[in-house]
Amino acid sequence: MTVSRTRIRAIFRKELREFRRNRQIIASMAVFPLFFTVYPIVEIFALPSSSASALAQRQPLVYMLGIPALVPAAIAAYSIAGERQQGTLEPVLTTPIRAEELLLGKALAVLVPALAVSYGVFGIFVAAIELLAQPAVTAAVLHGPEVLAQLVFTPLIAALSIWVAIAISTRSNDTRVAQQLSILASLPTIVVTTTIAVGGLRATIHVAAAFFVLLLIMDSLGWRVVSPLMNRERLITGTKS
Amino acid sequence: MTLNRKTAPDVAKSGPALATDHLTKRFGARIAFSDVSFEVGHGEVFGFLGPNGAGKTTTMRTLGTLLTPTSGSATVAGLPLTPGNEVEIRRRIAVMPEAPGLYLRLTVAENLECFAGLYEAPDPGERISRALQAVKLTDRAGDPCGSLSKGLRQRVALARALLSDPQVLFLDEPTSGLDPVAARDVHELIDDLRQRGVTIFLSTHRLEEAERLCDRVAILNTTLRTIGRPDELRERLFAKTLTVRTLAPLADPDRLFGGLPAVNGWRPDGPGGYVVTVDDPAVAAPAVTRALVQAGADVLSIGSSQHSLEDVYLELVNQDAELEANHP
Ligand SMILES: Nc1ncnc2c1ncn2[C@@H]1O[C@H](COP(=O)(O)OP(=O)(O)OP(=O)(O)O)[C@@H](O)[C@H]1O
Ligand SMILES: [Mg+2]
């Protein structure tokens, strides 16, 4: 099967245009990252340098992986439910587009802004630490491996959130309900990242590797599970032929 | 614009543009349409009529590859309707659904741009401006669709259906909610497309529209009730009649009308009015006129009565309703 880049691009551009003009989506993209920067800010900037050694036991940066868990969930929830609410699914599905192309276009349109927000916030945060935090704190927090882990895990976590949220969206008629369910579904990921951040679980290289493999498996399973949900009859009538 | 209603559908030469064979679609226990068989020739404008819930939209969705038929088979744009052919079929057809389904946050041009991409149109800019011209919306290209009136949205949806230069165009009630001038514009557009050889499958509740535009019509009420040219259907369903009006009632209409060539019978229609059933009005009308003059009657008018497609439709649909009332 050949997928058409032109069609994927058409969906991708259309989605980004819609997102840009959807106030709720813009709000989600702005508010959720704030939520995940409060704890690291408190940990890093509010503590006296004498407790830098205590900080080394925790990994506050990992808390920020909540951004790629939550932001794409909130946006991807719109993908199908939003079209269904507007009645736009039917015209799209009568074009030559394949289910996989529609899914890829929609997933990429969420992934790109989600990565931009996640990496953007992380970058600003790291820059702020370098510039403003006490040197002892900076040394305790900014380890090379942890920064690398942040970069690697961000897209893996975002992809998982996107698959789950699109799956929920295909079954939903209401964007609000879809968004609430998707956010709920991303909570387990956030529980794990938070546990690591506060020192409840030490993220050694082995733990990181295990999560890496687990996420890879779940992401590829996600694609296999969600693709069949894009069945035309199911999307139009809510039931499978 | 000229109407060449008589153009025979070219079914034999190259196979039908559309065909269904005992096509049936059920949703669980509910039958949407059942045992529907018809053929539509290339370049034909085919009207699809029927009451609410008759299965028109479901038939279009099935032929448009959105729904899988429960049983039966179909050919769309010359290709058998099978899962393997769906993408190619969708390349050759376009559908204007019942609801326009526009992205309301996007402008008219952005909506069309998205669909030009989905059809992989080689020259999107050119196609979009042609489609906008066809529906007279060039000056609204930059407006967000959310700010357009219902009728204007309908026209954007029509422009979207024209983008891909389809061989077969499905129009589900394209003029519902349009003002008379806009509806006439759509009719002219359909005439235009017919001239370019596009096959059009048109569902409508406007019977005068079907009568004016369609080469043939089908009347669906879950099952196919009838199919044919509008004039054929009239003849098939209604006996041919002459209506006669005289100044004073005739003394002995039985003797006067009886025994005339091509006349089968008569019934009164108000004082001085008679409806005469005939085989062939061209033979019967002169004979009836002569007989009336010979009998010294003061003739006000003689005319052959006209049944419209609406009469045909109402007759068939009422028959169904009566059947249902008697055998619930
Ligand atoms: N997704 C669905 N699930 C269950 N029943 C359905 C579904 N879609 C349509 N139906 C039923 O199938 C029948 C045919 O519906 P359809 O929409 O095709 O009618 P229609 O001829 O287009 O009517 P209208 O003139 O009102 O547009 C109706 O009884 C309808 O309720
Ligand atoms: Mg309908």
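Labels below follow one simple rule: chain letters A, B, ... track the order of the sequence lines, proteins then strands, and each chain is numbered from 1. These values consider heavy atoms only, across backbone and side chains, with no hydrogens, waters or symmetry-generated copies.
- Of the listed residues (B:Glu110, B:Glu86, B:Arg91), the greatest number of heavy-atom pairs within a distance under 4.5 Å of chain A belongs to B:Glu110.
- Inspection of non-hydrogen atoms places A:Arg21, A:Asn22 of residues 21-31 of chain A under 4.5 Å from chain B.
- Closest approach of A:Pro91 to B:Gly101, counting heavy atoms only: CG-O, 3.5 Å.
- Closest non-hydrogen pair, B:Val87 versus A:Arg98, comes out as CG2-NH1, 3.8 Å.
- Taking the salt bridge (charged side-chain N to carboxylate O under 4.0 Å, His left out) definition, one finds that A:Arg7 meets it with A:Glu101, B:Glu120, sequence neighbours left out.
- Here the closest heavy-atom approach between residue B:Tyr119 and residue A:Thr94 is recorded as OH-O, 3.9 Å.
- Looking at B:Leu102, the atoms closer than 4.5 Å to chain A (heavy atoms on both sides) all sit in the backbone: N, CA, C or O.
- Separating the CD1 atom in A:Ile97 from the CZ atom in B:Arg90 is a distance of 9.0 Å, to the nearest 0.5 Å.
- Most heavy-atom pairs under 4.5 Å with chain A, from the set B:Gly117, B:Pro144, B:Ser164: that is B:Gly117.
- With a 4.5 angstrom heavy-atom cutoff, B:Glu113 touches chain A only via side-chain atoms.
- With a 4.5 angstrom heavy-atom cutoff, B:Arg92 does not touch chain A via any of its atoms.
- For A:Glu90 against B:Leu66, the heavy-atom pair with the smallest separation is CG-CD1, 3.5 Å.
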Solution key, residues 123-131 of chain A side-chain donor-acceptor pairs under 3.5 Å, sequence neighbours excluded:
none

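- A pairwise comparison of heavy atoms in B:Leu106 and A:Glu18 identifies CD1-CG, 3.5 Å as the closest pair.
- Looking at B:Phe115, the atoms closer than 4.5 Å to chain A (heavy atoms on both sides) all sit in the side chain, from C-beta outward.
- Distance CD/A:Gln86 to CG/B:Leu104: 5.0 Å, rounded to 0.5 Å.
- Every residue two or more places apart in sequence or in another chain that forms a salt bridge (charged side-chain N to carboxylate O under 4.0 Å, His left out) with A:Glu83 is listed here: A:Lys14, A:Lys106.
- Here B:Arg61 is the residue among B:Arg61, B:Met96, B:Arg160 with the most heavy-atom pairs under 4.5 Å with chain A.
- A distance of 14.0 Å separates CG in B:Leu67 from CZ in A:Arg234, rounded to the nearest 0.5 Å.
- Contact of A:Arg13 with chain B is made through the side chain alone, with heavy-atom distances under 4.5 Å.
- Once rounded to the nearest 0.5 Å, the distance linking CG of B:Asn111 with OG1 of A:Thr88 reads 9.0 Å.
- The contact between B:Pro100 and chain A is made entirely by backbone atoms, counting heavy-atom distances below 4.5 Å.
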